[in-house]
Amino acid sequence: MPSRGTRPEDSSVLIPTDNSTPHKGDLSSKIKEQKIVVDELSNLKKNRKVYRQQQNSNIFFLADRTEMLSESKNILDELKKEYQEIENLDKTKIKK
């Protein structure tokens, strides 16, 4: 089963803007997508193969399932943290 989702290099291209609403929406959809990836990897049988897509190509390589799951959880945590930071900034703007 090919592993789709956000890769660590994808999360570094997030660009903060003055108007956080579009960025917040993009981040929200990436969080939903990453949750699906984590759920899919979590529910795979132990003997199932997982493939990782080579960046900027259509080539897939065999990957370790537990390593991919761990990496996907870390990416999800980073996305959630960034989303929370944006929400906190929005709350402080409203108070001022």
Side-chain angles (χ1 to χ4, degrees):
M1 175 179 180
S3 172
R4 288 191 24 190
T6 314
R7 293 180 297 273
E9 51 273 13
D10 290 344
S11 63
S12 63
V13 296
L14 299 173
I15 301 170
T17 59
D18 291 335
N19 184 5
S20 63
T21 308
H23 179 64
K24 192 173 177 181
D26 291 343
L27 205 51
S28 178
S29 65
K30 285 184 181 186
I31 289 172
K32 288 178 187 176
E33 182 180 320
Q34 197 62 32
K35 282 181 181 179
I36 293 169
V37 171
V38 169
D39 286 342
E40 290 288 333
L41 288 171
S42 298
N43 292 318
L44 281 178
K45 293 181 180 178
K46 302 289 183 199
N47 61 347
R48 298 299 299 208
K49 293 182 180 179
V50 176
Y51 296 87
R52 166 179 273 174
Q53 186 173 9
Q54 179 68 26
Q55 185 179 5
N56 298 327
S57 78
N58 292 327
I59 300 172
F60 291 85
F61 291 100
L62 188 61
D64 181 46
R65 185 185 63 83
T66 55
E67 194 174 295
M68 290 292 294
L69 179 59
S70 173
E71 187 175 307
S72 295
K73 286 181 180 179
N74 289 340
I75 293 169
L76 180 59
D77 290 341
E78 289 174 16
L79 290 171
K80 284 181 178 179
K81 187 188 325 178
E82 187 171 347
Y83 187 83
Q84 190 63 43
E85 288 173 0
I86 290 173
E87 279 196 335
N88 290 342
L89 283 175
D90 287 347
K91 287 179 183 178
T92 56
K93 286 180 184 177
I94 292 171
K95 288 180 181 178
K96 291 181 180 180

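Because the structure is predicted, anything quoted here is derived from the model rather than measured.
Between atom CG of residue D39 and atom OG of residue S72 there is a gap of 10.5 Å, rounded to the nearest 0.5 Å. The distance from atom CG of L89 to atom CD of Q84, rounded to the nearest 0.5 Å, is 10.5 Å. Put simply, CG on L76 and CD1 on I36 are 11.0 Å apart, with the number rounded to the nearest 0.5 Å. A distance of 8.0 Å separates CD1 in I86 from NZ in K24, rounded to the nearest 0.5 Å. Interatomic distance, NE2 of H23 versus CG of D26, reported as 7.5 Å (0.5 Å rounding). A distance of 10.5 Å separates CD1 of I31 from CG of D77, quoted to the nearest 0.5 Å.
The shortest non-hydrogen separation linking T66 to D64 is OG1-OD2, 2.8 Å. Considering all non-hydrogen atoms of both residues, L27 and L79 come closest at CD1-CD2, 3.6 Å. Counting all heavy atoms, side chain and backbone alike, R65 lies closest to L44 at CD-CB, 3.9 Å.
Annotation: side chain of K80 is in contact with side chain of K35 (closest heavy-atom distance under 4.5 Å).
Applying the 6.0 Å contact sphere to CG of N47 captures more than 12 heavy atoms from other residues, nucleotides or ligands.
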**OP:** Evaluate the salt bridge (charged side-chain N to carboxylate O under 4.0 Å, His left out) criterion for residues E82 and K30: first the C-alpha distance (whole Å), next the side-chain angles of each, then the deciding distance (0.1 Å), finally the verdict.
**Re:** CA-CA 11 Å; E82 187 171 347; K30 285 184 181 186; over 6 Å; no

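Using a distance-only test at 3.5 Å, with no hydrogens or angles considered, a donor-acceptor pair links the side chain of Q53 to the main chain of S57.
With hydrophobic clusters built from ILVMFWY side chains whose heavy atoms lie under 4.5 angstrom apart, Y51 does not share a cluster with F61.
Using a 4.0 Å cut-off between charged nitrogen and carboxylate oxygen, R52 and E67 do not count as a salt-bridge pair.
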